[in-house]
Chemist: 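The structure that follows is given in the form of structure tokens.
Heavy-atom basis, side chains included; hydrogens, waters and symmetry copies ignored. Note that the coordinates shown come from a computational prediction; the quantities given were computed from them, not determined experimentally.
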Amino acid sequence: MQKYLKKIGFVQVAFFLILFFGVCLRIFTPPFQGMDEQLHFARAWQVSEGIFLSPAAKVRDIENENNPMILDIIKKSSKIKKLLLHSEDEKFLVAEIPRSMISPDFTFNFGSKFNKVNFEMTKNFLLTSIDSTDTEFVLIPTTGQYPPLAYFPQATAAFIGRSLNLNAGEIYYFMCFAALLFVAVCVLISMKLLPEKKFLIFLLAMMPMFLVEIISTSADAVTYGICFLGTAWLLSMRNKFDEITGKEIFALIILAICLGLLKSVYGTILLLYFLMPRQRFKKISAFIGLGIFLLFTALAASGLWIYFSITAKDVEMFSKFYLGYDDVDIVAQKNFIIENPKGLLVALFNTLTYSEGDIRLVKSFVGMLGRYKIYLPNYFVLGYSIILITLGGFCGKLNLRFWQRIFIFLGVFASIIGVLTVEYLIWTSVGGELIRGLHGRYFIPIALTAFSILSFLRPPKYANLIVLLCGIFSASFAIWMTYSVFY
């Protein structure tokens with residue numbers, strides 16, 4: 001076995017396994033079961049139609065029309081006896097999609113409980129033709145602000161699917177497989193760019209949570225792929241000593257724009273640029289200047305997109321309306337932080353030291369099935385976490401200096417604080433002492449960077465085979481759990 005593996009190559013086998021198990025998991029996972037996937041799908045469909053900036057609409061203008069998904073939300077509003085809307089004249093980002101794409105067998109209303117599915121439902125969805133004249137408005141306040149880049153593979157597949165007159169279910173699965181292929185290629189290139197950490201990259205890619213997101217229409221798929229690719233490339237550049245080329249500078253700028261557009265909190269990945277040998281530049285000032293320019297470019301791209309997609313449209317964030325958090329107010333929260341910065345520090349400390357929350361974050365980082373928050377067993381989460389740290393983190397020597405490890409740690413820590421601060425602003429009650437809305441998958445994009453800090457051991461003799469078997473077991477376990485839960 002070891003001889004055949006060495007002959008074929010670990011990277012090639014890993015690429016095949018990601019694709020194979022991704023397809024299998026997609027087959028057994030009912031449509032629209034990813035995290036917030038209905039909202040992501042609507043935005044991806046919108047982008048495929050060339051609508052790059054989501055339009056805004058007043059709820060009053062569309063709530064009386066035949067839009068079941070919006071009515072479900074309003075119905076829940078009265079059910080839980082909370083005023084989720086301060087006014088029906090508030091504006092939210094919306095998408096208009098064919099009603100035939102919203103299969104009643106797999107979509108849900110916000111007051112419903114989980115229902116079992118069967119393959120006959122999937123077959124019916126695959127045979128459902130699209131009626132482009134019968135459409136429905138969908139509120140997408142959280143995903144409507146995402147840039148077209150975040151849905152590039154899915155939107156491209158949707159456009160091609162419509163051009164080929166494919167059925168509704170066929171287009172949906174085409175979108176999901178396009179996302180899977182995009183991420184798998186990113187992972188493949190990442191392993192080739194950074195062979196020292198190929199085990200870590202593969203193990204991260206075979207986590208149930210990672211697989212669940214990359215086989216869906218979620219923007220997380222593109223985010224994971226680009227963040228892994230960018231991290232691997234920047235870390236690989238620390239071993240280059242020839243003069244930097246114009247093509248490399250251009251690629252760095254493109255990477256900065258991509259990270260800024262996707263999610264600015266992951267822009268700290270660009271700090272890995274400073275690990276590059278300074279000898280590649282004629283002047284130290286050019287080296288530092290380019291690094292600062294890259295960080296500024298990421299921030300500028302993020303700021304401009306937020307302005308045009310949200311601020312200029314005068315739309316409301318989704319938190320109060322979506323979950324009934326009538327104690328959330330972004331403006332008031334900002335003022336609280338300015339007047340009482342210690343309050344934010346207290347909330348950050350409490351959240352990071354909250355043991356029950358930490359366990360939940362680890363579970364949702366390694367594996368969680370769909371929007372119903374079905375966590376995998378503790379023994380699996382613990383076991384796979386140990387494998388990630390030992391075979392993934394410790395093994396694969398990067399020959400980093402101590403100051404470089406500290407520098408990487410500070411960058412990772414900055415991203416973590418950034419994620420926590422964003423959640424504090426948009427999901428947490430004003431002055432709250434514990435941040436809510438956190439999810440482990442938010443930290444997957446910086447996982448490769450974080451675990452690289454631990455790299456200092458050479459892999460054991462049969463590490464290739466062991467890592468592949470661990471990845472196979474992880475994906476197989478996720479498929480088995482998915483089948484047992486949904487069917």
Chemist: Are any side-chain N or O atoms of Ser364 and backbone N or O atoms of Leu361, one a donor and one an acceptor, separated by less than 3.5 Å?
Modeler: yes
Chemist: At what distance, to the nearest 0.5 angstrom, does CZ of Arg441 lie from CE of Met209?
Modeler: 6.0 Å
Chemist: Looking at Trp305 and Leu262, would you say the former's side chain and the latter's main chain have a donor-acceptor pair under 3.5 Å?
Modeler: no
Chemist: Scan side-chain atoms only and decide if Glu37 and Thr217 contain a donor-acceptor pair under the 3.5 Å cut-off.
Modeler: yes
Chemist: Measure the CD-CD distance between Gln33 and Gln38 for me, rounded to the nearest 0.5 Å.
Modeler: 8.0 Å
Chemist: Measure the CG-OH distance between Leu348 and Tyr424 for me, rounded to the nearest 0.5 Å.
Modeler: 8.0 Å
Chemist: Between Ser48 and Trp45, is there a donor-acceptor pair closer than 3.5 Å when you use the side chain of the first and the backbone of the second?
Modeler: yes
Chemist: Going from CD1 on Ile257 to CG on Leu149, what distance comes out if it is rounded to the nearest 0.5 angstrom?
Modeler: 10.5 Å
Chemist: Work out which heavy atom in Tyr266 is nearest to a heavy atom in Cys227; give both atom names and the distance.
Modeler: CB-SG, 4.1 Å
Chemist: Verify, without hydrogens or angle tests, whether Arg280 (side chain) and Phe241 (backbone) share a donor-acceptor contact under 3.5 angstrom.
Modeler: no
Chemist: Whether the side chain of Arg238 engages the backbone of Leu272 through a donor-acceptor N/O pair (distance < 3.5 Å, no angle test) should be reported.
Modeler: no
Chemist: Between Ser309 (side chain only) and Leu53 (backbone N and O only), is there a donor and an acceptor less than 3.5 Å apart?
Modeler: no
Chemist: Test Val212 against Thr29 for side-chain contact (heavy atoms from CB on, under 4.5 Å), laying out the working first.
Modeler: CA-CA 9 Å; Val212 164; Thr29 302; 5.8 Å; no
Chemist: In sequence, state the C-alpha distance, the side-chain angles, and the governing distance for Leu420 and Tyr442, and then conclude on side-chain contact (heavy atoms from CB on, under 4.5 Å).
Modeler: CA-CA 10 Å; Leu420 293 175; Tyr442 299 159; over 6 Å; no
Chemist: Decide yes or no on side-chain contact (heavy atoms from CB on, under 4.5 Å) for Leu295 and Leu271, but give the supporting numbers first.
Modeler: CA-CA 8 Å; Leu295 294 172; Leu271 293 174; 4.0 Å; yes
Chemist: Is there a side-chain contact (heavy atoms from CB on, under 4.5 Å) between Asp220 and Ile444? Walk through the geometry before answering.
Modeler: CA-CA 10 Å; Asp220 286 345; Ile444 290 178; over 6 Å; no
Chemist: Inspect the surroundings of CD in Glu433 and state if more than 12 heavy atoms from other residues, nucleotides or ligands are less than 6.0 Å away.
Modeler: no
Chemist: Please indicate whether Phe250 has more than 12 foreign heavy atoms, meaning atoms of other residues, nucleotides or ligands, lying under 6.0 Å from its CZ.
Modeler: no
Chemist: Given 3.5 Å as the limit, does a donor-acceptor pair link the side chain of Lys197 with the main chain of Cys395, or not?
Modeler: yes
Chemist: Do the side chain of Gln154 and the main chain of Ser218 share a donor and acceptor less than 3.5 angstrom apart?
Modeler: yes
Chemist: Treating Tyr384 as the side-chain partner and Leu203 as the backbone partner, does any N or O pair qualify as donor plus acceptor under 3.5 Å?
Modeler: yes
Chemist: Mind running ring pair (Phe, Tyr, Trp, His ring centres under 6.0 Å) on Tyr273 and Phe287 for me, showing each step along the way?
Modeler: CA-CA 9 Å; Tyr273 159 87; Phe287 170 72; 5.2 Å; yes
Chemist: Pick from Tyr146, Phe32, Tyr172: which one makes a ring-ring contact (aromatic ring centres under 6.0 Å, His included) with His40?
Modeler: Tyr146
Chemist: Between CG of Leu400 and CD of Glu196, what distance do you get to the nearest 0.5 Å?
Modeler: 9.0 Å
Chemist: Measure the CD1-CG distance between Ile337 and Leu345 for me, rounded to the nearest 0.5 Å.
Modeler: 9.5 Å
Chemist: For atom CZ of Phe456, is the number of surrounding heavy atoms from other residues, nucleotides or ligands below 6.0 Å larger than 12?
Modeler: yes
Chemist: How about Phe174: does its CZ atom have over 12 heavy atoms from other parts shown lying under 6.0 Å from it?
Modeler: yes
Chemist: Can you tell me if Phe365 has over 12 outside heavy atoms packed within less than 6.0 Å of its CZ?
Modeler: yes
Chemist: In terms of relative ring orientation, are Phe20 and Phe16 parallel, tilted or perpendicular, with 30° and 60° separating the classes?
Modeler: parallel
Chemist: Is there a donor-acceptor pair closer than 3.5 Å between any side-chain N or O of Thr231 and the backbone N or O of Thr449?
Modeler: no
Chemist: Would you check if there is a donor-acceptor pair between the side chains of Ser54 and Gln46 at a distance under 3.5 Å?
Modeler: yes
